[in-house]
Amino acid sequence: MDTTNNIGFISTSIKQLKNAIMHTHSNDLINLPDITVHAIDVDDNGFLWFTILKPQEPIAPEDKSFYVGLNFYRSGIPFLLNISGIANLVTTQAALNELPLVLKRKVTDDRLMVRVKIRDVDYYEIEENESHSIMQKCKNLWAEIFETEAYYPVAN
């Protein structure tokens, strides 16, 4: 999906889904485990913003970028998004001072701000299964019992 022309659609979809699993791809600069992230904002320039817990190993203050994949999914929402892009950790005080207030408030002593330049977006619609509820599953089970040829009522 072209991110430049569809940033409004992408932003709305991310706000509906909210959470994603972030996968960092092989990188010698930083090694983060696969983690769940909560999207804070998507700006007009195609950047996705969220925070992560600070890693155990120290991070140098210079700008480091690494490739990430984000898999957005939420139960009950009939679509999912797979996003890939280049992530940067916002670690310097100068960069933090330039952030809008809504983003600055999310940075704490134990959290780092992450900015991902969205490169590729894959949108998938999910087919809804009609028998989600337990009651519907019970009805379907009873219907199967009475429709099968192997069912013979016991005569007393």
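Computed over heavy atoms, backbone and side chain alike; hydrogens, waters and symmetry mates excluded.
No side-chain heavy atom of Lys54 sits under 4.5 Å from any side-chain heavy atom of Asp110. By the 4.5 Å heavy-atom criterion applied to side chains, Ile52 and Leu89 are counted as neighbours. Looking at heavy atoms from C-beta onward, Val116 lies in side-chain contact with Val114 at the 4.5 angstrom threshold. For the pair Arg111/Lys106, no side-chain contact is recorded, criterion being any heavy-atom separation below 4.5 Å from C-beta on.
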Stepwise, does the side chain to side chain donor-acceptor pair (under 3.5 Å) test hold for Tyr67 with Thr24? CA-CA 6 Å; Tyr67 193 76; Thr24 57; over 6 Å; no
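Of all the heavy atoms in Leu81 and Ile10, the pair that sits closest is CD1-O, 4.4 Å. Across all non-hydrogen atoms, the minimal contact from Asn71 to His23 is OD1-NE2, 2.6 Å. The shortest heavy-atom contact between Val90 and Leu112 is O-CD2, 4.5 Å. Between Lys104 and Asn97, the closest heavy-atom pair is NZ-O, 3.2 Å.
Taken together through direct or relayed side-chain contacts under 4.5 Å among Ile, Leu, Val, Met, Phe, Trp and Tyr, Ile118 and Val37 form part of one hydrophobic cluster. Hydrophobic clustering (ILVMFWY, side-chain heavy atoms < 4.5 Å, transitive): Phe72 and Ile77 are in one cluster.
For the pair Asp43 (side chain) and Asn45 (backbone), a donor-acceptor distance under 3.5 Å is present. Between the side chain of Lys18 and the backbone N or O of Ala39 there is no donor-acceptor pair closer than 3.5 Å.
Residue Leu70 forms a side chain to side chain contact (heavy atoms under 4.5 Å, CB included) with just one option from Leu17, Asn19, Ile21, Leu48, and that option is Leu48.
Residues Phe9 and Tyr123 bring their aromatic ring centres within 6.0 Å.
By the neighbour-count criterion of 12 heavy atoms within 6.0 Å, atom CG of Asp44 is sparsely surrounded, having that number or fewer from other residues, nucleotides or ligands.
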